[in-house]
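Computed from a prediction, not measured in an experiment: that's the story for all the values here.
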2 protein chains.
Amino acid sequence: MKKGQDTRDLLQTHARRLFWSKGYSNVSVREVAKAAGVDVALIARYFGSKLGLFEATLDTLKKIDPDDFLTADSLVDAFVEMFANAPKEGTEASPISMILLNANDSEVGIIVARIQYEYWQSGLEKIIGSKSQAALFFAAMMGFSVGQKILHLDGIAELGSDEYRAQFRHMLTTAIASPDF
Amino acid sequence: MKKGQDTRDLLQTHARRLFWSKGYSNVSVREVAKAAGVDVALIARYFGSKLGLFEATLDTLKKIDPDDFLTADSLVDAFVEMFANAPKEGTEASPISMILLNANDSEVGIIVARIQYEYWQSGLEKIIGSKSQAALFFAAMMGFSVGQKILHLDGIAELGSDEYRAQFRHMLTTAIASPDF
DNA sequence: GATTGATGTCAATGAGTGTTGACTTATCGC
DNA sequence: GCGATAAGTCAACACTCATTGACATCAATC
């Protein structure tokens with residue numbers, strides 16, 4: 001018989017993939033269990049509840065090192081690449097678009113958003129200098145993310161092109177820059 | 001006995017308020033019927049289905065005149081005021097944040113997003129000049145909206161202050177401006 | 001080999017969902 | 001007043017969902 005930890009890992013892996021691509025409320029525990037090849041009841045055993053299983057998939061969100069983005073240039077670079085090299089549809093969502101994917105779920109959405117924003121907040125404020133401007137920047141990133149990943153807006157979908165990449169870089173740079181007053 | 005049109009209007013009014021504040025999937029037909037004080041079955045009678053009722057609440061989305069925003073200045077003004085004077089929590093969502101509120105619902109989210117984007121698209125492109133930049137601008141607006149209305153991010157929540165309003169105006173203005181290349 | 005505890009199976013529960021059809025009641029035209 | 005049509009009521013259906021508890025099965029320990 002398998003070790004319990006294996007089953008746990010199996011559930012967590014498939015839960016992450018499913019939750020992060022379809023959103024919390026669009027995935028049932030039966031679906032996760034079936035994908036993992038185990039019985040539904042084991043979710044309750046190992047994670048207590050569906051929400052417990054979901055929260056277990058959020059661990060990796062906290063493992064990115066914020067010191068990777070210490071200057072404004074590298075921050076812009078990082079974001080440009082994040083969107084330009086975005087994986088195609090059906091794959092896992094980026095951590096940021098995860099927020100939007102669950103925005104309508106008061107319980108889950110706030111959990112994800114808080115984790116994400118608290119993570120980015122200090123770094124963004126350090127670089128941008130203004131708390132409110134950092135919040136605007138973060139919000140704009142969410143918008144780009146949902147525009148690209150969920151709504152597939154014309155234009156944003158093809159962020160890979162050089163011309164568009166330059167435009168995107170320009171927008172981010174000016175957004176980070178200090179106002180002229 | 002009431003006229004049928006009255007019941008129809010009553011259902012539509014309460015449906016709009018509920019759908020636009022909690023999102024489509026977070027509102028049940030029974031909840032709408034109870035708020036309107038009528039029987040659930042009447043939703044099927046007058047609107048065919050829950051989705052039909054929802055689509056009926058989208059009519060007002062199409063009634064805003066895009067010619068109100070013909071210059072870049074008035075566009076920025078309109079957006080600044082839209083966010084600065086945003087109604088408090090619990091009230092109806094703005095049309096834009098409606099998109100995010102339903103982003104995780106593949107059926108409903110796309111309906112709302114398409115209506116909204118197709119409405120703004122031509123006007124934005126006319127003002128901004130670039131199709132992709134217009135898409136980015138629209139996406140950023142969605143992000144601001146969800147940051148303010150749904151996630152209540154520190155900073156964005158208080159967009160009414162003069163200092164913040166100035167920062168917001170600056171960000172929008174530079175975002176609309178042409179790149180220096 | 002028996003006992004114990006971890007692990008996995010199965011069926012059922014109870015709450016919620018949108019939708020349907022038969023029925024009753026009111027309103028209007030004649 | 002009568003009949004046709006509109007309007008509203010009620011109960012049920014068929015489904016999905018997360019969760020639970022009783023039961024079975026395995027692995028390790030004594």
How many whole angstroms separate atom [atom1] of [X] from atom [atom2] of [N]?
{"X": "A:Asp6", "N": "D:dA27", "atom1": "CG", "atom2": "C1'", "value": "14 Å"}
{"X": "A:Asp39", "N": "D:dA22", "atom1": "CG", "atom2": "P", "value": "17 Å"}
{"X": "B:Arg8", "N": "D:dG8", "atom1": "CZ", "atom2": "P", "value": "13 Å"}
{"X": "B:Tyr24", "N": "C:dT17", "atom1": "OH", "atom2": "P", "value": "13 Å"}
{"X": "A:Leu10", "N": "C:dT7", "atom1": "CG", "atom2": "P", "value": "15 Å"}
{"X": "A:Ile43", "N": "C:dG8", "atom1": "CD1", "atom2": "P", "value": "13 Å"}
{"X": "A:Leu42", "N": "D:dC26", "atom1": "CG", "atom2": "C1'", "value": "14 Å"}
{"X": "A:Leu11", "N": "D:dA18", "atom1": "CG", "atom2": "P", "value": "13 Å"}

- Message: Against the six-membered ring of B:Phe19, is B:Lys50 placed for a cation-pi contact (under 6.0 Å from the centre, within 45° of the normal)?
- Response: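 No, cation not above the ring by the 6.0 Å, 45° rule.
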
Looking only at the side chain of [X] (C-beta and beyond, no hydrogens), which of the listed nucleotides [options] gets closest?
{"X": "A:Arg45", "options": "D:dT20, C:dG21, C:dT7", "answer": "C:dT7"}
{"X": "A:Lys50", "options": "C:dT19, D:dA18, C:dG8", "answer": "D:dA18"}
{"X": "B:Ser49", "options": "D:dC10, D:dT19, C:dT19", "answer": "C:dT19"}

State whether the side chain of [X] and the backbone N or O of [Y] hold a donor-acceptor pair below 3.5 Å, judged by distance alone.
{"X": "B:Arg169", "Y": "B:Val76", "value": "no"}
{"X": "B:Thr13", "Y": "B:Asp9", "value": "yes"}
{"X": "A:Gln133", "Y": "A:Ile128", "value": "no"}

- How would you list, by chain and number, every residue that makes a ring-ring contact (aromatic ring centres under 6.0 Å, His included) with B:Phe47, sequence neighbours excluded? none

- Can you sort out which residues in residues 27-35 of chain A have a heavy atom within less than 4.0 Å of DNA chain D? Ascending by number, please. A:Val27, A:Ser28, A:Val29, A:Arg30

- Task: Quick one: pull up CZ in B:Arg16 and CG in B:Leu11 and give me the separation to the nearest 0.5 Å.
- Result: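 One gets 15.5 Å once the value is rounded to the nearest 0.5 Å.
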
- Task: Go through the structure and list residues passing salt bridge (Lys or Arg N to Asp or Glu O under 4.0 Å) with A:Lys22, not counting sequence neighbours.
- Result: A:Glu31

